[in-house]
Amino acid sequence: MAHLETIRSLANRMGGGSGLLTAWVGIPDPLVAGMLASEDFDTVTLDMQHGAHDIQSVGLGITRITLAGKPTLVRIPVGQFAIASRVLDLGAAGVIAPMINSQKDAAAFASFMKYPPIGERSWGPTIASGLTGTEGNVYLSSGNGMAVSIAMIETREALSALDDILITPGIDAVFVGPSDLSIALSNGANVDPGRKDVADALDHVVARCRVHGKSACCFAPTPQAARDLAKKGYDLMAIGTDFGQLRSGARAQIEIARG
Ligand code: 3PY
Ligand code: MG
């Protein structure tokens, strides 16, 4: 069965302040990814940076998520751009690359995301061909438009290079990591994604994205923060993580039960 439209829906729906919500999954069992895909999220992100996912669990997760009718995003570990091509070959709809601090970083990332002439992605979409029901030149001609490249902005250097990153060919969106950014902006004094200087940076990022016609994404530590980001015009927000949702759900129920 072909799932081309499912995978392509992420690229098609992002932009113009679309306010999409993604689940954020670090637990590597594909049952968790599949379960969250069946909730009312627009997409599901599998986290290989701080989550426990490896290439095998990502492959299994992508299949479950796609069969549930949702596109998959994968956050790769810092600097490991070769994994970006691999997860696209496994059927991911997009990749989030952490700590993109310069145009050089952005170009290196994009080169693994897009086929020539934009990048240098190597051919071999074995699983993606099966999932999309497209092969050869049909996959080749739709691959670049389908694979959403998302560069994370989470340092002072990245904020300074924001325009250069946004105009890099093959970069479709940026994603603010507000926790790392709060550490960077306070020179390591504290981690507080809700701080005023982080909020100001978030306003700046979405404004520059609009200027360059690129999408703005952000990790929202709370559901209220996600609502506020959508109002600012953000295109995609993560609301918490599977680990956090499990912990807060357990704590809330224990509190009620203990009275
Ligand atoms: C950050 O806030 O630094 C993130 O990377 C969110 O996952
Ligand atoms: Mg981060």
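Numbering of ligands and ligand atoms starts at 1, following listing order. In what follows, every heavy atom counts, from backbone to side chain, and hydrogens, waters and symmetry copies are set aside. From a predicted model like this one, the values you see are computed outputs, not experimental measurements.
Annotation: the span from Ile153 atom CD1 to Ile100 atom CD1 amounts to 8.0 Å, rounded to 0.5 Å. To the nearest 0.5 Å, atoms CG (Leu166) and CD1 (Ile171) are separated by 9.0 Å. In this structure, the separation between NZ on Lys214 and CD1 on Ile150 is 12.0 Å, given to the nearest 0.5 Å.
Remark: Asp163 engages Arg208 in a salt bridge, criterion side-chain N to carboxylate O under 4.0 Å. Between Lys196 and Asp200 a salt bridge is recorded (basic side-chain N to carboxylate O distance below 4.0 Å).
A perpendicular orientation is assigned to the rings of Tyr139 and Trp123, their planes being inclined by more than 60° (bins at 30° and 60°).
Using a 4.0 Å heavy-atom cutoff, Gln49 is absent from the residues neighbouring ligand 1. Within the structure, ligand 1 lacks Pro193 among the residues with a heavy atom less than 4.0 angstrom away.
Considering only heavy atoms from C-beta on, Val205 comes within 4.5 Å of Val174 through its side chain. Between Arg195 and Val198, the closest side-chain pair of non-hydrogen atoms falls below 4.5 Å. Between Glu5 and Thr132 there is no side-chain heavy-atom pair separated by less than 4.5 Å. Residues Pro71 and Thr66 fail the side-chain proximity criterion, which asks for heavy atoms closer than 4.5 Å.
Taking atom 3 (O) of ligand 1 as the reference point, the nearest protein heavy-atom neighbour is Asp180 N, 2.9 Å. Of the protein's heavy atoms, Ser179 N, 2.7 Å lies nearest to atom 2 (O) of ligand 1. Looking from atom 5 (O) of ligand 1 to the surrounding protein, the closest heavy atom is Arg75 NH1, 2.9 Å.
For ligand 1 and Met152, the ligand atoms under 4.0 Å from any heavy atom of the residue are 4 (C), 5 (O). Those atoms of ligand 1 that come under 4.0 Å of a heavy atom in Glu154, given as number and element, are 1 (C), 3 (O), 4 (C), 5 (O). Residue-ligand proximity, Gly177 to ligand 1, at heavy-atom distances under 4.0 Å covers atoms 1 (C), 2 (O), 3 (O), 4 (C).
Within the protein, the N, O or S atoms sitting under 2.8 Å from the Mg ion (ligand 2) are Glu154 OE1, Asp180 OD2.
At least one N/O-N/O distance between Pro178 and ligand 1 falls below 3.5 Å.
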